[in-house]
Student: 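Attaching a single structure in structure tokens format; questions to follow.
Side chains are part of it too, since the values below use all heavy atoms of this structure and drop only hydrogens, waters and symmetry mates.
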Amino acid sequence: MAIADAAGQTARWKDAAPGSDDEEIIPRDIRFGILENPTRHWLGGDFHKTALIDGLSIFLPEGERYFIRSLKYYAPKLKDKHLAAEINGYSVQEAFHTREHEDYNRALAKLGYDVEAMEAPVIKTLRSDKIPVFRLAVTCAIEHLTATLSTVTLRNPQFLDDAAPAYRRLWMWHALEELEHKAVALDVFAAATPKYSPFKRYMLRTMAFNAVAWTFLKIVLANLVRFARTDGVETGPRFWARLVWVLFGNPGYWRKCAPLVLKYYLPGFNPVNRDDHALIHKGRAWLYDEFMALAAAKAAPTAAPAAE
């Protein structure tokens, strides 16, 4: 099914389902049409808010291919068939994410941004990891960051109230699916390291997270400057003050993420939060209602012009 919204952006999907689905992980083949209609400053015309979120997409095509490789390496070795099946569902979701974010990044390139330069450090970093268990630990770390951002997004959907519709749909879809599969990587990590002592497993997990967080911060800030230069935005004191306000003041993205991020350092960390089930059903219902509304709008007859 394919639908064009009022802005001419096309969304296509298969097997759209309401929020009452009982499956834990549901791969959704959805196309959002962002490549056909790229939009600059799509989040309320705000450079900082838009560039911070656009910057996340820079990481995702290479990152999601990395995640799939990391987990699929262990899939044949697992005795837990349910977990092996979850890896398959996870991989299909991530493959769809990869496709959509490749289009997203091509759309950024159409707007004049140097996406190749932005992606280069991501590709170099992720392709340098050769040890399977370390790749898995890095995957767990990045999945925790993405799950944190997804949880905060689904708890605060008003963050995207001023977003262009196609971008809002894509990020809500991505947040939902990240939440559905957020425990898979850590479950595989536990299954892949049965001979590790709890201390060794903890140190590997947290050291990988430290490396990921530091690298992520450096690349995000460097790419933010690249976005600004392309848009002709001066990067003086007011620019950085505005960034701090957006991250820690209003809407306070990082302020809201911090408590969840820091939980990763707890020795008995469990990625599942108390409200995950409710958030997942809320996200599923939102996505279903959004696309049903698009279908209804397309099916509605066009009003005939008034007779003169």
Side-chain angles (χ1 to χ4, degrees), residues 3-11 13 16 18-19 28 30-58 60 97 100-101 103-104 107-108 111 145-180 220 224 227-228 231 233 241-261 273 275-276 278-298 300:
I3 292 177
D5 65 15
Q9 293 172 312
T10 302
W13 76 97
R28 299 167 182 83
I30 303 177
R31 295 182 180 271
F32 296 88
I34 288 175
L35 179 58
E36 292 80 10
N37 292 277
T39 305
R40 194 182 304 274
H41 304 169
W42 54 263
L43 185 48
D46 189 293
F47 167 82
H48 283 83
K49 293 178 183 178
T50 304
L52 283 167
I53 299 177
D54 283 346
L56 296 177
S57 188
I58 296 296
L60 292 172
H97 297 179
E100 290 308 299
H101 283 284
D103 277 357
Y104 192 121
L108 289 173
L111 292 172
L145 287 177
T146 57
T148 295
L149 291 166
S150 298
T151 298
V152 170
T153 298
L154 292 175
R155 286 178 179 172
N156 301 275
Q158 71 276 8
F159 284 172
L160 295 172
D161 279 353
D162 295 331
Y167 289 83
R168 183 176 65 248
R169 293 179 200 121
L170 180 144
W171 287 112
M172 289 291 285
W173 162 77
H174 197 141
L176 168 62
E177 295 199 350
E178 289 296 330
L179 206 60
E180 287 178 340
V220 164
L224 192 65
F227 278 118
D231 287 351
V233 176
R242 168 67 178 162
L243 175 64
V244 171
W245 177 246
V246 168
L247 293 177
F248 298 102
N250 184 23
Y253 299 134
W254 287 10
R255 171 173 53 82
K256 292 180 181 294
C257 287
L260 294 174
V261 168
N273 294 302
D275 64 345
D276 280 350
L279 279 177
I280 286 171
H281 279 272
K282 178 182 176 182
R284 289 175 178 179
W286 185 94
L287 194 66
Y288 182 76
D289 290 347
E290 182 78 4
F291 282 111
M292 291 304 98
L294 281 173
K298 184 182 180 183

Student: Is it true that the side chains of Trp173 and Glu177 contain a donor and an acceptor less than 3.5 Å apart?
Tutor: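 Yes, Glu177 and Trp173 have a side-chain donor paired with an acceptor closer than 3.5 Å.
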
Student: For the atom pair OH (Tyr288) and CZ (Arg28), what is the distance rounded to the nearest 0.5 Å?
Tutor: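 Between atom OH of Tyr288 and atom CZ of Arg28 there are 12.5 Å.
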
Student: Indicate yes or no for a side-chain donor-acceptor contact from Arg40 to the backbone of Leu111 under 3.5 Å, with no hydrogens or angles considered.
Tutor: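 Between the backbone of Leu111 and the side chain of Arg40 there is a qualifying donor-acceptor contact (under 3.5 Å).
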
Student: Quick check: do Trp254 and Val261 have side-chain heavy atoms less than 4.5 Å from each other?
Tutor: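 In short, these two side chains do not touch, never coming nearer than 4.5 Å.
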
Student: Check Tyr167 against Thr39 and note the closest heavy-atom contact, atom names and distance.
Tutor: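 The answer is OH-N, 3.0 Å.
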
Student: Using the rule given for side-chain contact (heavy atoms from CB on, under 4.5 Å), can you reason through Thr146 versus Leu56, listing the C-alpha separation, both sets of side-chain angles and the distance that settles it, and then say yes or no?
Tutor: CA-CA 9 Å; Thr146 57; Leu56 296 177; over 6 Å; no

Student: Nearest 0.5 angstrom please: Leu260 CG to Thr148 OG1, how far?
Tutor: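 Going from the CG atom of Leu260 to the OG1 atom of Thr148 covers 5.0 Å.
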
Student: Might you point out which heavy atoms bring Phe47 and Leu224 nearest each other, and give the distance in Å?
Tutor: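 In this case the closest contact between Phe47 and Leu224 is CZ-O, 3.9 Å.
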
Student: For Leu176 and Ile280, which heavy atoms make the closest approach, and how far apart are they?
Tutor: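 Of all heavy-atom pairs spanning Leu176 and Ile280, the closest is CD1-O, 3.5 Å.
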
Student: Would you say Lys49 and Asp162 make side-chain contact, with heavy atoms under 4.5 Å?
Tutor: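 No - every pair of side-chain heavy atoms lies 4.5 Å or more apart.
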
Student: Please name the pair of heavy atoms, one in Lys282 and one in Arg155, separated by the smallest distance, quoted to 0.1 Å.
Tutor: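 Heavy-atom minimum between the residues: NZ-O, 4.4 Å.
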
Student: Determine, step by step, whether Phe159 and Trp171 satisfy the ring-ring contact (aromatic ring centres under 6.0 Å, His included) criterion, reporting the C-alpha distance in whole Å, the side-chain angles of both residues, the deciding distance to 0.1 Å, and the verdict.
Tutor: CA-CA 11 Å; Phe159 284 172; Trp171 287 112; over 10 Å; no

Student: Between Arg169 and Ile30, does the side-chain contact (heavy atoms from CB on, under 4.5 Å) criterion hold? Intermediate values first, please.
Tutor: CA-CA 10 Å; Arg169 293 179 200 121; Ile30 303 177; over 6 Å; no

Student: Please name all residues satisfying side-chain contact (heavy atoms from CB on, under 4.5 Å) with Thr153, sequence neighbours left out, ordered by chain then number.
Tutor: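 Thr153: side-chain contact (heavy atoms from CB on, under 4.5 Å) contacts with Leu160, Met172, Ala175.
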
Student: Taking the side chain as every heavy atom from C-beta outward, state whether Arg31 and Glu36 have any atom pair closer than 4.5 Å.
Tutor: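 Arg31 vs Glu36: side chains apart.
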
Student: Are Asp54 and Trp42 side-chain neighbours, meaning at least one heavy-atom pair lies under 4.5 Å?
Tutor: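 A side-chain contact exists here, since the closest heavy-atom pair is under 4.5 Å.
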
Student: Rounded to the nearest 0.5 Å, how far apart are CG of Leu108 and CG of Leu35?
Tutor: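 Those atoms lie 10.0 Å apart.
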
Student: Any idea which heavy atoms bring Glu178 and Ser150 closest together, and the distance?
Tutor: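 Looking at all heavy atoms of both residues, the closest pair is CB-OG, 3.2 Å.
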
Student: Assess the side chains of His41 and Thr50: does a donor N or O sit below 3.5 Å from an acceptor N or O?
Tutor: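 Distance-only check fails for His41 and Thr50.
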
Student: What heavy-atom pair brings Ala147 and Leu179 nearest, and what distance separates the two atoms?
Tutor: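 Nearest pair, atom of Ala147 first, then Leu179: O-CD1, 4.3 Å.
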
Student: Does Leu243 form a side-chain contact (heavy atoms from CB on, under 4.5 Å) with Leu52? I'd like the steps, not just the answer.
Tutor: CA-CA 9 Å; Leu243 175 64; Leu52 283 167; 4.0 Å; yes

Student: Using 30° and 60° as the class limits, which term best fits the ring planes of His174 and His97: parallel, tilted or perpendicular?
Tutor: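 Ring orientation, 0 to 90° scale: tilted.
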
Student: Is the backbone N or O of Gln158 less than 3.5 Å from a side-chain atom of Asn156, with the two atoms forming a donor-acceptor pair by type?
Tutor: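 Checked: no pair found.
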
Student: Should Glu100 and Ile34 count as side-chain neighbours, where that means a heavy-atom distance under 4.5 Å?
Tutor: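 A side-chain contact is absent here, since even the closest heavy-atom pair is not under 4.5 Å.
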
